[in-house]
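To start, the structure itself, in structure tokens.
Within every chain, numbering begins at 1; the chains are lettered A, B, ... in the order of the sequence lines, protein sequences first and strands thereafter.
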Amino acid sequence: MIAEVIVDVAAHPIDRPFDYAIPNKLEPLTEPGMRVKVPFGNRKVLGFITNIKQTTELDSAKIKPIHELMDVVPVLTPELLELAKWMKEKTVCFEIDALQVMIPAALRAKYEKRFVLKASLEEIAPQLRPFFAKRPFVRASEAEEFFSQLKKEMDKGTIMADTDISQQTAVKKVRMIHIADSLEQLEAIEIRANAKQQLKLMEYMKANVGRAIESAQLQKEAGTTLPTIYSLVDKGAASISNMEAYRDPQLLAQIEKKESLSLTPAQQQAFDAIRRSLDTSRTFLLHGITGSGKTEIYLQSIDQVLKAGKEAIMLVPEISLTPQMTVRFKERFGDMVAVLHSGLSAGEKYDEWRKIQRGEVKVVVGARSAIFAPFQNLGLIILDEEHESSYKQDDSPRYHARDVAIWRSEFHQCPVILGSATPSLESYARAQKGVYELLVLEKRAQNQPLPNVEIIDMREELKKGNRSMFSVPLADAIRERLEKKEQVVLFLNKRGYSSFVLCRDCGTVMQCPNCDISLTYHRSTEMMKCHYCGYDEKVPTTCPECESQHIRFFGTGTQKVEEELAKVVPEARVLRMDVDTTRNKGAHEKILAAFGEGKADILLGTQMIAKGLDFPNITLVGVLSADTTLHLPDFRAAEKTYQLLTQVSGRAGRDKLPGTVYIQSYTPEHYAITLAKDQLFEPFYDQEMAMRRASGYPPYFYVVNIQFTHEDLMTVSEYAEQTVRYLNSQLSPSTIIIGPSASLIARVNNRYRYQCLIKYKKEPKLSEVLQQLIKIYRTEWLRKGATLSIDMNPTSVM
DNA sequence: AGCACGCCGACT
DNA sequence: GTCGGCGTGCTC
């Protein structure tokens, strides 16, 4: 029998199945979806079996056998193998990348080059001997300086090179002590009278006949130690086995089970529509304003699915995967839920994944990659906040979780729910066309009024002589809340404000030597750092250009705001939440918890506070500058601004107290701002659609972004131009090709970056043409040091 | 991608 | 004379 294997080598000519013979004794064990170790050229690599067949057209002399099976149970289902092929086609990625992204990182192979001793220690050069004293091999990374000597030995045949393939995490085991089943058996054991410890343990065992207990637990309960246990085990009082243990990802402190809430008529209507379609592959767009109770609909829909014996996937943006959210699911579904989020270690993620694989859980809640949960009887997929750009992976495979969700829903004939207060234009357009079924929740579940939103024209403030970043009305409102002991959230769009160092004499801003971007000041380490290539250097004391001492640090936007805020309301207790204060694990949650407990009056932060903040005492939200995202050179700028403003506004007045929102802007008449004021989604949609139609962007056109990089500016622009010429000659006349042009950040890591954009409505040959392009690229340009990446349906084109 | 084979310059 | 530079070709 022959196995088709996709090997773990991400390169174009390798991106296809290779045939391997399945050794006779492995035949009954081998299944598609298993990982295998195979010889490839003169090395060994890991691969995935994608198919098993009887015969091959290949010369039997060429066929090599599989070296080793890595799994007992396939890590990928036939469905996921099929999905990988689709992803390869749709996102123009390597099939191996698509396969890898579906399994937990802990299972991905680690390769380590090493040198193995093949002769006796005396036969090799003396200076190499210490390396092999303990073990018959040495890791290449440990013996770099001895490379040439090792090579000589290799020529003699005394040492051989090979690669060690291992996976990152082993299964965690715990020692289980199984006490003998009969009292007689225990009583028959003789213990010396002076072995007090053993006698004590024996008493415990006699009282716990037949019990299986974790070793650590036994030591605690019986007040004993491991050696004592072992002596009794030797005497036959108990047996020891190693059992697989799950790491406990978070303290599941007694979470009380909660029942469903009752639904409002609007919720009920939406829920009924979903319930009627549970065995169709329909996609619903659940458009509900913030606080309208979408989550309850999700929970009850999942409940229906579980009752039908099926499974559900619930995707949330990473940032809103808060403990509160997790608790809500655990309350409803108990230990039927696996949670996958970035706070887990690789081992913990793997444990959660295995629970899914073995069918021990029925619901998975997680960020983007949870869409690949290896369920076999999927009954429902939900994407909450479906407009979030984090659902699109920004490196290969550049897939969108929404597209994968719809593919899987068709496979399983189960529905998809896309939920959002501010749907993406793409999704809303599809709902308008009837491709998706639109469900609307117009009112907040507890009928709280929407917050009162005021737009403040900062140009007027400037005219009045107010040059601070706080307008008079906002400053007044902050003071008022402080007096009333209510809480305030201030929101700053990060972009355009990142910290840098400026010389006040010559105006120099410190730049990265490798990239066309200014260096970012990191207060904690007193370093200047490039966020693109990782370059860093010490903060200078004088200007590197003119040696002036008048250099000024502009702290992160939020730091600066904090300073100014202290001038406006010196008595306020301020919590700052940004990349600097949330770098440590769990810091995010700690800050939120502190704010929730009323330990601060004002929470000041960036994007990350826009979501998941649900505290009753917040009555004022201030957006310091609505313009920063609005004027980015990206076709989604208005959409993102509208979404952000709506989301931030939703943080105010979540409970009984009414909320007020102040939005400061220098372009207050822009429709993204005026329409976000009253959450008028439909008018915003209409207007933005008109813009998209006029400029030829999604959802009217599909977009492909192709990026080129090379060390040499002329070369990269030449390749980009060649590509555009090629595309123009191959694609239909109605397709628009923009560029080539230098990317917004024209140089990263000493490589120049160019890009071009394909905008098309219908382009049946596109896939084929792009494949052809890749072929040219790999044979001619790659060798000359170029890279090319293709992003289908990019979330942004900057 | 990685690795071997192969053909030309600077060292013991 | 050999060590080693990287061009080119292949991987079931």
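- The number of heavy-atom neighbours closer than 6.0 Å to NZ of A/K392, taken from other residues, nucleotides and ligands shown, is above 12.
- One interatomic measurement links the two molecules: NZ of A/K37 to P of C/dC12, which rounds to 17 Å at whole-angstrom precision.
- One interatomic measurement links the two molecules: CG of A/D15 to C1' of C/dC10, which rounds to 16 Å at whole-angstrom precision.
- Among the heavy atoms of the strands, none lies under 4.0 Å from A/P17.
- For the pair A/K759 and A/Y702, the cation-pi criterion (under 6.0 Å, within 45° of the ring axis) is not fulfilled.
- What separates CZ of A/R16 from C1' of B/dA1 is a distance of 14 Å, to the nearest Å.
- Here C/dC12 presents its P atom at 11 Å from CG of A/D19, a figure rounded to the nearest Å.
- Rounded to an integer number of Å, the gap from CG of A/D8 to C1' of C/dT11 is 14 Å.
- Closest approach of A/M510 to A/P544, counting heavy atoms only: CG-CG, 4.2 Å.
- Checking the phosphate oxygens (OP1, OP2) of B/dC3, a side-chain nitrogen or oxygen of A/K113 falls inside 4.0 Å.
- In A/K53, the NZ atom is crowded: over 12 heavy atoms of neighbouring residues, nucleotides or ligands sit closer than 6.0 Å.
- Among the heavy atoms of the strands lying under 4.0 Å from A/I14 is at least one base atom, whether or not backbone atoms are also near.
- Note on A/K44: nothing from the nucleic acid sits closer than 4.0 angstrom, heavy atoms only.
- If you take CG of A/L58 and P of C/dT11, they are 9 Å apart, rounded to a whole angstrom.
- Contact check, A/N42 against B/dC3: no side-chain N or O comes under 4.0 Å of OP1 or OP2.
- Looking at heavy-atom distances under 4.0 Å, A/Y20 makes contact with sugar-phosphate atoms alone, never a base.
- Look at A/K64 and you won't find any side-chain N or O under 4.0 angstrom from OP1 or OP2 of C/dT11.
- Atom CZ in A/R43 sits about 8 Å away from atom C1' in C/dT11, given to the nearest Å.
- Atom CD of A/E27 is surrounded by more than 12 heavy atoms from other residues, nucleotides or ligands within 6.0 Å.
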